[in-house]
Amino acid sequence: MNHIIKTPRLTLVGAGPGDPDLISVKGIKSLADADAVLYDALANEELLQYAPSRAIKIFVGKRVGMHSAQQQEINKLIVKYAFSHGHVVRLKGGDPFVFGRGFEEIEHARSHGITTSVIPGITSVLAVPASQQIPLTHRNVSESFWVLTGTTKNHDISRDLELAAKSSATMVILMGMHKLSEIMERIGKHRHKNTPVAIVQNGSLPDEKLGVGTVSTIFEIIRGKGIGSPAVIIVGEIVKSARPEEFRSIIRNSVSI
């Protein structure tokens, strides 16, 4: 019997923000050619239907409060299945190169002689605010935006947060819900306490939730609405421009203006 020897290779595929329709056509084609799929918690499992039935599918998601594979384990699995099966598709939520540790996986695979490629995804940085019709830039309101992680690999708040807060740019913060109170406190040192804030949980999905408030009120507002992770935090005057009614209501009802 002849055995086909497959070249070990890795493709990082961005799954988009959650809605399975927001993956690229090229991403779907890559899944259709997969011999093994390693997928994250933020990659919609509906996308696995595009992979062949013969392909193995392994969940390697990482979320707070649940057992998940560590990055070193994921790196080892990529190498293992590339050599044992052939084409490994690493399906990652959003875009693999925006706080997705995608380049670490690329580097590890390359160090073992594995061919690599990347198919970008729609990052939640852009897609989630857009799902609520909140632009990140708008003439006369915001000329730029910062994208920040809420916590670093050492579980600290990024030093860039205060640099961003000192600017007039829109701030988009990922992975910040577990330090939300501290993040708002630090932003409040450089921006007015009535600076608008929007938080979107499960952006682009049917159970999407929105909370609108200010730097001083948003923590209590999202607690009252039961909004948690995964969520995108948007800070800046652009929120007031996009959501004027919600923002005026928050200011009227606020006990601390």
Side-chain angles (χ1 to χ4, degrees), residues 2-63 66-128 147-149 151-154 158 160 172 174-175 204 230 232:
N2 293 327
H3 294 279
I4 299 174
I5 300 175
K6 294 191 175 183
T7 302
R9 58 192 176 105
L10 166 68
T11 304
L12 264 59
V13 175
D19 182 341
D21 289 343
L22 291 178
I23 191 172
S24 68
V25 173
K26 192 169 185 177
I28 290 174
K29 288 179 178 178
S30 184
L31 280 168
D33 185 54
D35 298 304
V37 181
L38 308 182
Y39 63 100
D40 277 352
L42 295 179
N44 196 314
E45 290 192 21
E46 288 184 35
L47 296 173
L48 298 178
Q49 67 180 305
Y50 296 113
S53 57
R54 59 172 172 74
I56 60 170
K57 291 98 176 172
I58 302 170
F59 174 74
V60 292
K62 290 180 285 184
R63 277 193 184 173
M66 63 183 287
H67 175 74
S68 59
Q70 297 300 311
Q71 191 60 53
Q72 288 184 340
E73 293 178 55
I74 295 171
N75 291 347
K76 289 178 181 178
L77 289 172
I78 288 170
V79 173
K80 173 184 175 181
Y81 288 109
F83 282 106
S84 66
H85 286 66
H87 184 201
V88 174
V89 169
R90 180 72 172 93
L91 189 62
K92 301 172 75 71
D95 181 90
F97 280 1
V98 180
F99 299 125
R101 303 187 72 171
F103 193 63
E104 294 178 39
E105 296 173 6
I106 288 285
E107 286 186 307
H108 188 78
R110 285 176 180 169
S111 73
H112 287 79
I114 296 170
T115 301
T116 62
S117 59
V118 180
I119 298 175
I122 300 177
T123 172
S124 59
V125 171
L126 305 176
V128 170
V147 180
L148 305 117
T149 177
T151 53
T152 66
K153 66 178 182 179
N154 297 321
S158 170
D160 287 344
V172 184
L174 306 183
M175 300 172 289
S204 81
V232 174

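Looking at heavy atoms from C-beta onward, V147 lies in side-chain contact with F99 at the 4.5 angstrom threshold. Put simply, the side chain of I58 does not reach to within 4.5 Å of the side chain of V37, judged on heavy atoms. In this structure, the side chains of L10 and R90 come closer than 4.5 Å at one or more pairs of heavy atoms. At least one side-chain heavy atom of V13 sits less than 4.5 Å from a side-chain heavy atom of L91. Put simply, the side chain of L12 does not reach to within 4.5 Å of the side chain of F103, judged on heavy atoms. With a 4.5 Å cut-off on side-chain heavy atoms, I119 and K29 do not count as touching. Considering only heavy atoms from C-beta on, E105 comes within 4.5 Å of Q71 through its side chain.
From H108, atom NE2 reaches atom CD1 of I74 across 11.0 Å, with rounding to the nearest 0.5 Å. Note that the CD atom of E46 and the CG atom of D21 stand 8.0 Å from one another [nearest 0.5 Å]. Expressed to the nearest 0.5 Å, how far CG of L48 lies from CZ of F59 amounts to 11.0 Å. Separating the NZ atom in K80 from the CG atom in L38 is a distance of 10.5 Å, to the nearest 0.5 Å. Taking CD1 of I28 as the reference point, atom CG of D33 lies at 14.0 Å (rounded to 0.5 Å).
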Assess the residue pair T11 and S117 against the criterion (side-chain hydrogen bond (donor to acceptor under 3.5 Å, both in side chains)); give the C-alpha distance rounded to whole Å, side-chain angles, the decisive distance to 0.1 Å, and a yes or no. CA-CA 5 Å; T11 304; S117 59; 3.3 Å; yes
Test L174 against V232 for side-chain contact (heavy atoms from CB on, under 4.5 Å), laying out the working first. CA-CA 5 Å; L174 306 183; V232 174; 3.7 Å; yes
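For the side chain to side chain donor-acceptor pair (under 3.5 Å) test, residues two or more places apart in sequence or in another chain that qualify with E104 are R101. The ring-ring contact (aromatic ring centres under 6.0 Å, His included) check on H87 picks up nothing, with sequence neighbours excluded. Residues satisfying the side chain to side chain donor-acceptor pair (under 3.5 Å) test with D19, not counting sequence neighbours, are none.
A donor-acceptor distance shorter than 3.5 angstrom exists from the side chain of S24 to the backbone of G27, with no hydrogens or angles considered.
The number of heavy atoms from other shown groups lying within 6.0 Å of CD (Q49) is above 12.
Of the candidates R9, R54, H85, R54 is the only one forming a side chain to side chain donor-acceptor pair (under 3.5 Å) with D35.
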